[in-house]
There are 2 protein chains.
Amino acid sequence: MRNPTLHDVARAAGVSYSTADRVLNERGGVAEKSVLRVRHAIEKLGYRRDIHAANLSRRRSYAFRFYLPHGDHSFFSILRQTVEQQARQRLADRIAIAIHEVPALDAEALADQLLLIGRQDCDCVAFVGADSARLTQAVSRLAGMGIPAISLISDAAGDARAQYVGIDNRVAGRTAGRLIRLAHSRRSGRILPILGKLGVRDHRDRLDGAREVLAETPALQVLAPLEILDRPERMRDSLTAALHADPGVTGIYSIGAGNRALIDILGRLAAPRPFAVLHELTPQTRPALESGLIDAIIDQKPAEEIRSAIDAMKAIADRQTPPATDITPTIYLKDNLPGPAGNGGPA
Amino acid sequence: MRNPTLHDVARAAGVSYSTADRVLNERGGVAEKSVLRVRHAIEKLGYRRDIHAANLSRRRSYAFRFYLPHGDHSFFSILRQTVEQQARQRLADRIAIAIHEVPALDAEALADQLLLIGRQDCDCVAFVGADSARLTQAVSRLAGMGIPAISLISDAAGDARAQYVGIDNRVAGRTAGRLIRLAHSRRSGRILPILGKLGVRDHRDRLDGAREVLAETPALQVLAPLEILDRPERMRDSLTAALHADPGVTGIYSIGAGNRALIDILGRLAAPRPFAVLHELTPQTRPALESGLIDAIIDQKPAEEIRSAIDAMKAIADRQTPPATDITPTIYLKDNLPGPAGNGGPA
DNA sequence: TCAAAAATGATTGACGTCTGTCTTTTTTAG
DNA sequence: CTAAAAAAGACAGACGTCAATCATTTTTGA
């Protein structure tokens, strides 16, 4: 019942170990008929190379790099912690993960960093996507050097990247929209979207998604989105102004960051607060949900994402077909929040 | 920058490899001061045993057993498929998973099976929990034999089981309740819970959870639960009767199985259908959600569960502290369904 | 102080694979 | 038919750990 070894394969194929090895590792210099016999024996015995023994023998270890945005967004720091934690766990699997911080939302700076990577530096790269032609160039260059790159959180670099691991933002927007619709049951209402920047594709996608769903109910009117440009004081001022100007707002969809200020304002509002949906479970948003200041959080489960990303990177590095990563936006209500420790990994 | 080996540790501790090995593997016969020196060196160098080399050397492989309910519930067949799929993947990690089918919802039959397990048969067992004193006994016996067992989906066997991997059903019920509450916004309503059997603890837990949340809104009345005892025709008859008797039902919470019949009936109802929440994403429930016959599915993400379970089993078998498994009930709306292929694993 | 016991050291052959070298056999071409 | 080239085989030393044996040193107690 032992798994067959390459020795078994060689014996079954009637060739020497050397020849079996030459076939398995495509070293060349083997007659066609021997190749076939070995291939056939592999098939017949169901031989699978012991990847750990192989890695041990060739002293292989996996060097991966994560390029993560640096900034005081809580989401980014959660992301970073998650990667650090997983990095610790994967050490036992010979996976060494290095984290490189780059300025947040700066595709050019990211491209610069990626352009500095040398052939020997790592086996695979993961980066948080952003839109930029130079970024695409940089990723293509990496691909040319044999270093695959995967985009995280936000897709980018078109076909140059080996894979995207993250949610579909239109789906996330639709989900938020569905929740808001649901919460209005048959009442009419006015929904206020708030986003960082209309120029950011992810934000537009979420907005579009929400609009799609909300448009199905004529009684719900989607107001012009507030653009807060990642500045808390802008959130404070615009939102306060908007709520004053239109006291009939029944729903708020906060698409981007700046939730701290938003929650502050919600806390000061009188009794029938608008139904509020936010993105990302953070130390700020969680208590707001628990105390009922907001009603739902759409989360992308960074722990899952990172885990999938590393799995994909390993598969790619091993030249296997990477697993299908199907990251779906999750809905947190007051009741189904994960345990406090929980970003999914070991305590 | 190579990771330190046990040779390095021995050298740093000023002892022979043998002694370091004796300390590491607790073989005894080492003077206290040597033990300390080795421990210190391990600490100082940050030595971590190369678990793959170790497994290779001792020809260790992990034999796990899953005891899964056999039946025509779609959830169970999904579960089975998920285990099979993960089993295939983990093969590369020297994990051999055997699936044993037991009659569904029959704790005694399960206990019987577990009692048959011999010391050499496997390293760890996972079973879908059920309530029974004999089951607890069987699990205790296994523990005594050095075979840890973990409960899946439904917790059982008290402290005898090494870990529980699954959702908290009260949380699931609360989540369903929250959704229903949310969908009523300020309207009043009458909620009809439907469950398999009041005697089943998981079903009670879900019901209790939903009640807790719904009780917060006096305008929502929770009707007496329909008990359908896993018989489709009972679902058809009781539900039809109940809806006739009380046309004012605005919400349905289906706690257990039998959703096929439920969906049939919902399909025949006139326009303002009650808001319906079901459990488990299956080939039956999914199209119902997509077509709007039902409004939400609470899912326990079996793929995640199985993955966590196997991780936990491996950790336990390696005598490490198992990772904290934090399985949270997920809400699926029409929009955030996973890809069709997707039960989370590779395609 | 000496023998017994305890502790330590030295060494070896696995585990399954990789990689290199060197020899032998077979095939091919002239 | 012969020389060269191609293919195949044999073998050995790694990788890091385990597990066992045997020899040597140190400690202990009478």
Side-chain angles (χ1 to χ4, degrees), chain A residues 1-42 45-62 91-96 317-320, chain B residues 1-42 45-62 91-96 317-320:
Chain A
M1 295 301 89
R2 198 178 95 273
N3 276 350
T5 73
L6 195 50
H7 278 106
D8 299 327
V9 170
R11 199 174 317 122
V15 301
S16 70
Y17 181 88
S18 306
T19 300
D21 172 68
R22 286 192 259 255
V23 173
L24 185 66
N25 293 308
E26 290 166 329
R27 299 185 207 277
V30 181
E32 192 58 26
K33 63 164 192 173
S34 300
V35 172
L36 290 178
R37 292 174 71 186
V38 171
R39 290 245 173 81
H40 182 249
I42 286 177
L45 299 188
Y47 169 79
R48 289 179 48 93
R49 168 208 316 255
D50 183 331
I51 203 174
H52 298 303
N55 286 346
L56 174 62
S57 158
R58 51 160 63 140
R59 264 209 217 90
R60 190 198 201 316
S61 59
Y62 304 86
L91 229 54
D93 296 323
R94 302 184 119 77
I95 298 180
D318 283 339
R319 279 134 206 282
Q320 297 171 350
Chain B
M1 295 309 90
R2 197 179 91 271
N3 276 351
T5 73
L6 194 51
H7 277 108
D8 299 327
V9 170
R11 200 174 317 121
V15 302
S16 70
Y17 180 88
S18 307
T19 300
D21 172 68
R22 286 192 258 255
V23 173
L24 184 67
N25 293 309
E26 289 165 329
R27 299 186 207 275
V30 180
E32 191 57 29
K33 64 164 195 186
S34 299
V35 173
L36 290 178
R37 291 174 72 184
V38 172
R39 291 244 173 81
H40 183 248
I42 287 179
L45 298 188
Y47 168 79
R48 289 180 47 96
R49 171 205 318 252
D50 182 330
I51 203 174
H52 298 302
N55 287 345
L56 175 62
S57 160
R58 54 158 62 139
R59 263 209 219 88
R60 189 200 204 312
S61 60
Y62 304 86
L91 229 54
D93 295 322
R94 303 182 118 76
I95 298 180
D318 284 338
R319 279 136 206 282
Q320 297 171 350

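Residue numbering restarts at 1 for every chain, and letters A, B, ... go by the order of the sequence lines.
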Min side-chain heavy-atom separation B:S18-B:D21 under 4.5 Å: no
Sugar-phosphate, base or nothing in reach of A:H52, heavy atoms under 4.0 Å: nothing
Distance in angstrom units between B:R94 CZ and C:dG16 C1', rounded: 8 Å
Enclosure of A:R39 CZ (heavy-atom neighbours >12, cutoff 6.0 Å): no
Non-hydrogen side-chain atoms of A:L45 and A:R11 separated by less than 4.5 Å: no
Protein-nucleotide distance (A:R2, atom CZ; C:dA14, atom P), rounded to Å: 14 Å
A:R48 CZ - C:dT17 C1' separation (whole Å): 15 Å
Sugar-phosphate, base or nothing in reach of A:N55, heavy atoms under 4.0 Å: nothing
Please produce a list of atom pairs where a protein N or O lies less than 3.5 Å from an N or O of nucleotides 10-14 of chain D.
unit_1 : atom_1 : unit_2 : atom_2 : d
D:dA10 : N7     : A:S18  : OG     : 3.0
D:dA10 : N6     : A:S18  : OG     : 3.3

B:R60, CZ atom: more than 12 neighbouring heavy atoms under 6.0 Å: yes
Position toward the 5' end of DNA chain C (nearest nucleotide), A:H7 or A:K33: A:H7
Stepwise side chain to side chain contact (heavy atoms under 4.5 Å, CB included) check, A:N25 with A:R49: CA-CA 10 Å; A:N25 293 308; A:R49 168 208 316 255; 2.9 Å; yes
A:L6 CG to C:dG16 P, straight-line distance once rounded to whole Å: 11 Å
pair B:V30-B:R37: side-chain heavy atoms closer than 4.5 Å: no
Nearest-angstrom distance from the residue atom CG of A:N3 to P of C:dC15: 14 Å
Closest to the B:D21 side chain, choosing from D:dC18, C:dG16, D:dG16: D:dC18
Atom-pair distance (CZ on B:R11; P on C:dA10), nearest Å: 13 Å
Beyond-backbone contact of A:D50 with A:N3, side-chain heavy atoms, under 4.5 angstrom: no
D:dC18 phosphate, OP1 or OP2, under 4.0 Å from B:N25 side-chain N/O: yes
Spacing between B:R60 atom CZ and D:dA19 atom P, to the nearest angstrom: 11 Å
Closest to the B:L56 side chain, choosing from C:dT17, C:dC15, D:dA19: C:dC15
Donor on one side chain, acceptor on other, A:Y62 and A:D93, under 3.5 Å: no
Sugar-phosphate, base or nothing in reach of B:L24, heavy atoms under 4.0 Å: sugar-phosphate
A:S34 side-chain N/O to D:dA8 phosphate OP1/OP2 under 4.0 Å: yes
A:R27 atom CZ: more than 12 heavy-atom contacts under 6.0 Å: yes
C:dG9 phosphate, OP1 or OP2, under 4.0 Å from B:T19 side-chain N/O: yes
Terminal axes of the helix from C:dT1-D:dA30 to C:dG30-D:dC1 (five pairs each): angle between them, nearest 10 degrees: 30°
Side chain proximity check, A:I42 to A:L24, heavy atoms < 4.5 angstrom: yes
Nearest-Å distance for atom pair CZ/C1', residues B:R58 and D:dC18: 7 Å
Side chain of A:V15 (C-beta onward), nearest among D:dT17, D:dG9, C:dG9: D:dG9
Closest to side chain of A:A53, choosing from C:dT8, D:dG9, C:dG16: C:dG16
